Amino acid sequence: MPPANYTLNLETELQTTATGPNDQPSDPASPAALHMPFDNSYARELEGLYARSNPAGSPAPRLLRLNRELADELGLDADEMSSAAGLAVLAGNAVPAQAQPLAQAYAGHQFGSFSRQLGDGRALLLGELIDRCGRRRDIALKGSGRTPFSRRGDGKAALGPVLREYLMGEAMHVLGIPTTRALAAVATGATVQREQLLPGAILTRVAASHLRVGTFEYIAARDDQALLRRLADYAIARHDAALAGTPDPYLGLLQAVAERQASLVARWMGVGFIHGVMNTDNMTISGETIDYGPCAFMEHFDPEAVFSSIDTSGRYAYGNQPAIAQWNLARLAEALLTLIDADGEPAEQRAGAVVQAFAEHFDFHWTTVLRLKLGLDDASGGDRALADDYLTLLRRHRIDFTLAFARLADAAQGNNTPLRTLFGGAAAALELWLKRWRERTLAIGKSPDELAAALRSANPIYIPRNHHVESALAAAVERDDLAPFERLLRVLQHPFDEHAADSALAEPAPAEQTENYRTFCGT
Ligand code: AMP
Ligand code: MG
C-alpha cells in the first residue's frame with residue numbers, strides 16, 4: 001500500500017490545496033436524508049489514486065432536470081430524487097451516508113503533450129450503485145467545486161456546458177452509442193466567472209466507470225508497479241471479468257479496450273460526431289464516450305471538419321479520430337508494458353501488434369456502420385467502394401451527412417425527390433450512384449418497404465444540430481427559459497421518427513453559420 005501522502009510528495013501543484021490524495025476532506029458536507037445504497041469499490045481498492053474531497057455546496061439550488069428513466073434504471077426513486085432531500089444531494093449540499101466523495105487522480109496527453117497531474121478538478125465521484133441489471137455504475141457530480149486537483153480552476157461548471165453534456169449524452173445513448181449519461185442537471189444559484197459571469201450548474205454523471213487511459217498513465221509515470229497491477233486488475237474485474245485468470249490478462253485488457261474504441265469511434269463517425277478533445281484523459285477504458293466539451297455534429301460531409309476553438313491544427317478533426325484513438329491506445333500500451341508478459345517475443349512487440357491491429361478493427365467496424373447506413377444487412381465485397389463513393393460525392397458537393405443517408409429511405413420507396421433536392425446541382429452524379437446502390441440492394445431480396453424500414457432504423461433524422469443546441473442553451477442561460485432545451489431533448493429522444501411539426505429541427509444550419517461555428521471547452 002502506498003503511503004498516504006504518496007502523490008503529495010511528487011506534485012507541487014497539490015501543495016496549494018487544503019487536502020491531498022487520500023486525506024480526509026476538510027469540510028464535510030451535511031449528511032443526506034436520502035438513502036442511496038452506494039458500494040464504493042474504487043475507494044476501497046484504489047487507494048493512491050484519489051483524494052477524498054467534499055462538494056462545495058450550492059447557495060440556491062434548483063432542479064432543472066431529472067432523468068427519471070435513468071433514476072429508475074439505477075434503482076433510485078425518481079420522486080425522492082426530485083424532492084428537497086434528493087436536490088440537496090444533486091446540488092452537493094448533502095452527502096448520502098454510504099457515499100465516499102472523492103476526486104480521481106489521472107494524468108493525460110493533451111493535444112500530444114503529457115501532463116502527469118490532471119485529475120478531477122471539477123468533479124467528484126460520490127460512489128457506485130449497482131443498477132437493476134446488476135451493472136456497477138459510477139455516480140459523479142461535475143461542477144461541484146474545487147478539489148485537490150483543481151490547480152488554477154474554480155471547480156465549477158457553467159449552465160450552458162452542463163445542459164450541453166446532458167443533451168449530447170442522451171442523444172448519443174438513444175442513437176445506440178456507448179456513453180456516460182446525465183442523471184440530473186441542477187442550477188446552483190451561484191455565478192461562475194468565465195469570459196463573462198454565467199449561471200453555475202452541476203451535472204450528475206453516470207458512467208460504467210471513470211477509468212481512463214490517463215488513469216494508467218498516472219501510475220506508469222510514477223513507476224508504482226504494485227498500484228499499476230492493482231488498477232489493471234480492478235479494470236479487468238469491472239470491464240473484462242472473463243480475462244481474469246487467463247494467461248496474459250493485461251495484454252487482453254489492451255486488446256479489449258482497443259476493440260471497444262474501434263467500435264465506438266466507428267459509431268461516432270456514423271452519426272457525424274466529432275468529439276473535439278480526444279486527449280488520453282478523455283478516453284475511457286469502458287468504451288463509453290466521455291466529456292462533451294467542445295464536441296459537435298458535422299453537417300455537410302467533410303473529413304477535415306473541426307469546430308473546437310482550441311483545436312487549431314485539426315488534430316481532432318472528424319476524419320482523424322481513428323488515428324487519434326490508435327495514438328491514445330499506444331499510450332495505454334506503454335503504460336501497461338511492464339505488466340505484459342514477454343512470451344517468446346518482447347512485450348513491446350506484443351503490445352505494438354495490438355495497437356497496430358486497431359486500424360483493421362476500426363476498418364471492420366466502419367464498414368459495418370456504412371453497410372447498415374446503406375440498408376445492406378448482408379456483406380458483399382463491393383460495399384465499401386459503394387459507400388466510399390457516396391461519401392466522396394457528399395464531400396465534393398458539401399451535402400448534409402445526416403440527411404444524405406436518412407433520405408435514402410424515400411429513394412428506396414421510389415421517391416428520389418428529397419435526395420435530389422438535397423443534392424441540388426449535383427443531382428446527375430447522385431442518380432448515377434443511386435443506380436449502383438439500387439442494383440446492390442436488389443440482391444438482398446427485401447421489398448422496398450422493408451428496405452426503407454431498415455434504412456429508417458439505421459439513419460437518424462434528428463441529431464443535435466449545432467445551431468439548435470446553441471439556441472436552446474442560450475434560451476436557458478440568457479432568459480432562464482428551458483422550454484427550447486426540453487423540446488430539443490424530447491425530439492432527440494426519438495431520433496428515427498420523423499414528425500412534420502419538428503421538421504425544422506432536422507434541417508442543417510445555413511452554410512455560413514456552420515463555417516463560423518466554434519465550440520469551447522465545457523468548463
Ligand atoms: P477536460 O478538458 O474537460 O477534459 O479537462 C481537463 C482537466 O482540466 C481535468 O483535469 C479537469 O478536471 C480540469 N478542469 C477543467 N475545468 C476545470 C475547472 N473549472 N476547475 C478545475 N479544474 C478544471
Ligand atoms: Mg476530461
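Every number for a ligand or one of its atoms is a count from 1 in the order of the listing. In this text, all values refer to a predicted model and were calculated from it rather than measured experimentally.
- Legend: protein N/O/S atoms lying under 2.8 Å from the Mg ion (ligand 2), waters omitted, number 2.
- Residue-level proximity to ligand 1 for Phe149 is absent, since no heavy atom of it falls below 4.0 angstrom.
- Numbered from 1 in the order shown, with element, the atoms of ligand 1 that lie under 4.0 Å from a heavy atom of Gly155 read 18 (C), 19 (N), 20 (N), 21 (C).
- Evaluated by nearest non-hydrogen atom to atom 21 (C) of ligand 1, the leading choice among Ala103, Gly121, Gly293 is Gly121.
- When atom types are taken as modelled, the side chain of Asp302 and the backbone of Glu304 share a donor-acceptor pair closer than 3.5 angstrom.
- With hydrogens and angles ignored, the 3.5 Å screen pairs no side-chain donor or acceptor of Thr188 with any backbone N or O of Pro61.
- Considering each of Gln110, Gln117, Arg122, Gln104, the one bringing a non-hydrogen atom nearest atom 17 (C) of ligand 1 is Arg122.
- By the 4.0 Å heavy-atom criterion, Asp154 is counted among the residues contacting ligand 1.
- Applying the side chain to side chain donor-acceptor pair (under 3.5 Å) test between His361 and each of Gln255, Gln326, Glu259, Arg260 identifies Glu259 as the sole match.
- Within the listing of ligand 1, atoms 4 (O) sit less than 4.0 angstrom from a heavy atom of Asn282.
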Check: Please walk me through it: do Phe273 and Tyr318 pass ring-ring contact (aromatic ring centres under 6.0 Å, His included)?
Finding: CA-CA 7 Å; Phe273 179 75; Tyr318 172 85; 9.7 Å; no
Would you give me the side-chain donor-acceptor pairs under 3.5 Å for residues 207-215, sequence neighbours excluded?
unit_1, atom_1, unit_2, atom_2, d
Ser209, OG, Leu211, N, 3.1
Ser209, OG, His239, NE2, 2.8
His210, ND1, Asp138, OD2, 2.8
His210, NE2, Arg205, NE, 3.2
Arg212, NE, His210, O, 3.2
Arg212, NH1, Asp281, O, 2.8
Thr215, OG1, Arg212, N, 2.8
Thr215, OG1, Arg212, O, 3.2

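- In terms of modelled atom types and a separation under 3.5 Å, the side chain of Arg146 and the main chain of Gly153 share a donor-acceptor contact.
- Remark: among candidates Pro161, Gly119, Gly153, Gly276, the nearest residue to atom 11 (C) of ligand 1 is Gly119, based on non-hydrogen atoms.
- When each atom of ligand 1 is checked for a heavy atom of Leu118 under 4.0 Å away, the hits are 10 (O).
- Heavy atoms of Lys142 stay at 4.0 angstrom or farther from ligand 1.
- Pairs passing the ring-ring contact (aromatic ring centres under 6.0 Å, His included) check and including a residue from residues 90-109, sequence neighbours excluded, read His109-Phe114, His109-Trp327.
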Mind listing the side-chain donor-acceptor pairs of residues 84-100 below 3.5 Å, one per line with the distance, residues two or more places apart or on another chain?
unit_1, atom_1, unit_2, atom_2, d
Asn93, OD1, Ser58, N, 2.6
Asn93, ND2, Ser58, O, 3.0
Gln100, OE1, Asn40, ND2, 3.0

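- Side-chain contact between Leu231 and Leu49: present, with at least one pair of heavy atoms (C-beta onward) separated by less than 4.5 Å.
- Per-residue contacts place Arg194 under 4.0 angstrom from the following atoms of ligand 1 (heavy atoms of the residue considered): 19 (N).
- Between the side chain of Thr519 and the main chain of Pro294, a donor-acceptor pair closer than 3.5 Å is present.
- Contact annotation: Arg152 has no heavy atom less than 4.0 Å from any atom of ligand 1.
- For Gln356, the CD atom is loosely surrounded, since the number of other residues' heavy atoms within 6.0 Å does not exceed 12.
- Using a 4.0 Å heavy-atom cutoff, Arg151 is listed among the residues neighbouring ligand 1.
- Taking CG from Asn328 and CD from Gln261, the interatomic distance works out to 8.0 Å, rounded to the nearest 0.5 Å.
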